[in-house]
Amino acid sequence: MAQITACIFDLDGVIVDTAVYHYRAWKRLANELGFDFTEEDNEKLKGISRVKSLELILGWGGIEKTETEREELASRKNNWYVEMIQSMRPDEILPGAKEFLQEVKAAGLKTALGSASKNSGLILERTGLLPLFDVLVDGNHVSASKPDPQVFLRGAEGLGILPEHCVVFEDAVAGVEAAIAAGMKVVGIGSAEVLNRADLVVKGLFEIHVPQLNNL
Ligand code: G6P
Ligand code: MG
């Protein structure tokens, strides 16, 4: 069995709980367009890129828009979202996330971010987590989004580590699939029923420790 030498982390739902901000911003947009957007709808957008999320939302509302209109709507949503994450604080880091990142670094393993978000730099900076990552790969660096493995493969490449030596931490089904497609181990964060393809599922990073990574 290949030794684990690197950890690649999704951001939203693994390190920070930004889903609530995405929810508020998408809901405001849907309401302005004349329909509602529920928390259940928001669940389906976990790990899904901004453009794809908007396409799904417009579909649920039964609304058609031109590409130019869609671009304007996506940036309107993003402006509201950025306004909210601007004031994020280190206390919005999910339980155990910072401690686990520190444990990973102290054990001599490498760390990378593998997120679909184009706002990851701002979030890591606001929460003070930037120094704990060796490599950052996010929505600004990839042409195909999860479940495509590109974001995780770029992370491994950036670290100079083969996929089989990497473990991914993910809360979204699309992300678990991306990690498997990349040939990596994957720890799911959330429900074992939903993330049933992961090698192990935990409730949060507070439940996992470095010695467990070589038994996945
Ligand atoms: C993450 C979130 C998604 C979000 C995507 C893009 O994967 O789970 O809900 O749509 O990032 O985020 P962005 O910040 O670029 O709009
Ligand atoms: Mg996520």
Side-chain angles (χ1 to χ4, degrees), residues 7-30 37-60 70-88 92-94 97 100 112-127 129 133 136-152 154-155 167-180 182 184 186-191 194-195 197-198 201-205:
C7 294
I8 307 184
F9 297 87
D10 173 49
L11 180 65
D12 299 283
V14 172
I15 307 267
V16 286
D17 187 13
T18 41
V20 58
Y21 301 130
H22 281 296
Y23 171 62
R24 284 187 208 152
W26 284 130
K27 188 178 174 71
R28 183 168 171 187
L29 189 74
F37 176 76
T38 64
E39 288 193 45
E40 290 83 76
D41 295 332
N42 196 55
E43 278 302 300
K44 297 182 196 126
L45 304 180
K46 279 189 179 172
I48 307 295
S49 74
R50 194 184 311 161
V51 171
K52 183 77 193 152
S53 298
L54 178 65
E55 272 172 32
L56 289 169
I57 291 169
L58 291 176
W60 297 331
R70 287 202 303 270
E71 274 168 24
E72 189 278 321
L73 291 172
S75 78
R76 210 192 297 174
K77 179 265 174 180
N78 192 54
N79 290 340
W80 294 326
Y81 178 70
V82 169
E83 217 177 284
M84 290 185 273
I85 60 172
Q86 286 282 11
S87 47
M88 272 186 95
E92 288 177 72
I93 298 170
L94 284 169
F100 183 65
L113 186 82
S115 166
S117 174
K118 293 187 172 175
N119 295 301
S120 71
L122 177 61
I123 295 169
L124 292 179
E125 192 235 306
R126 286 287 182 260
T127 52
L129 293 173
F133 289 92
L136 301 181
V137 184
D138 75 6
N140 296 298
H141 311 112
V142 294
S143 55
S145 44
K146 300 170 188 177
D148 189 284
Q150 203 183 97
V151 69
F152 296 136
R154 286 269 163 87
V167 54
V168 167
F169 297 85
E170 253 297 346
D171 70 316
V173 174
V176 169
E177 280 165 11
I180 294 168
M184 299 176 181
V186 54
V187 174
I189 309 290
S191 141
V194 178
L195 305 174
R197 296 194 64 206
V201 178
V202 292
K203 290 198 183 65
L205 293 175

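Both counts, for ligands and for their atoms, begin at 1 and track the order of listing. The figures that follow rest on heavy atoms only: side chains count, while hydrogens, waters and symmetry mates do not.
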Is Ser115 close to ligand 1, meaning an N/O of one under 3.5 Å from an N/O of the other?
no
Considering all heavy atoms, the nearest Phe152-Gly175 contact:
CE1-O, 3.5 Å
Quick one: does Asn78's side chain have a donor or acceptor within less than 3.5 Å of a partner on Ala74's backbone?
no
Tell me every residue that passes ring-ring contact (aromatic ring centres under 6.0 Å, His included) with Phe9, counting only those two or more places apart in sequence or in another chain.
Phe169
Report yes or no: does Ser115 contribute a side-chain atom to a donor-acceptor pair with the main-chain N or O of Asp138 at less than 3.5 Å?
no
Using distance alone, decide if ligand 1 has a nitrogen or oxygen within less than 3.5 Å of any nitrogen or oxygen in Arg50.
yes
Which ligand 1 atoms does Ile48 reach within 4.0 Å, using its non-hydrogen atoms?
3 (C), 4 (C), 5 (C), 10 (O)
Looking only at distances, please establish whether an N/O atom of ligand 1 is found under 3.5 Å from an N/O atom of Lys46.
no
Quick check: does any side chain N or O of Asp41 sit under 3.5 Å from a backbone N or O of Thr38, one acting as donor and the other as acceptor?
yes
Atom 12 (O) of ligand 1: the protein heavy-atom neighbour that sits closest, reported with distance to 0.1 Å:
Ser117 CA, 3.4 Å
Ligand 1 atoms nearer than 4.0 angstrom to some heavy atom of Ser53 are 10 (O)
Counting from 1, what ligand 1 atoms have a heavy atom of Lys118 closer than 4.0 Å?
13 (P), 14 (O), 15 (O)
Near Asn119, which atoms of ligand 1 are under 4.0 Å from a heavy atom of that residue?
13 (P), 14 (O)
Just jot down the side chain to side chain contact (heavy atoms under 4.5 Å, CB included) partners of Lys46, sequence neighbours excluded, or say none.
Glu43, Asp171, Ala172
Protein-side N, O or S atoms sitting under 2.8 Å from the Mg ion (ligand 2) are Asp10 OD2, Asp12 O, Asp171 OD1
Note the single closest protein heavy atom to atom 7 (O) of ligand 1, along with its residue, its atom name and the distance in Å.
Gly47 CA, 3.2 Å
Taking C-beta and beyond as the side chain, do Leu205 and Leu94 meet within less than 4.5 Å on heavy atoms?
no
Given Ile189 and Val202, is the side-chain contact (heavy atoms from CB on, under 4.5 Å) satisfied, shown in steps?
CA-CA 5 Å; Ile189 309 290; Val202 292; 3.7 Å; yes
Taking the minimum heavy-atom distance to atom 9 (O) of ligand 1, which of Leu45, Leu122, Val14, Asn78 ranks first?
Leu45
Given Leu11 and Leu124, is the side-chain contact (heavy atoms from CB on, under 4.5 Å) satisfied, shown in steps?
CA-CA 9 Å; Leu11 180 65; Leu124 292 179; 3.8 Å; yes
Could you go step by step and tell me if Glu177 and Ile180 meet the side-chain contact (heavy atoms from CB on, under 4.5 Å) rule?
CA-CA 5 Å; Glu177 280 165 11; Ile180 294 168; 5.5 Å; no
How would you list all residue pairs meeting salt bridge (Lys or Arg N to Asp or Glu O under 4.0 Å) that involve residues 47-58, not counting sequence neighbours?
Lys52-Glu55
Stepwise side-chain contact (heavy atoms from CB on, under 4.5 Å) test for Leu56 and Lys44:
CA-CA 9 Å; Leu56 289 169; Lys44 297 182 196 126; 5.8 Å; no
May I ask you to check whether Trp26 has an N/O atom sitting below 3.5 Å from an N/O atom of ligand 1?
no
At what distance is the nearest protein heavy atom to atom 1 (C) of ligand 1, and which residue and atom is it?
Asp12 OD2, 3.2 Å
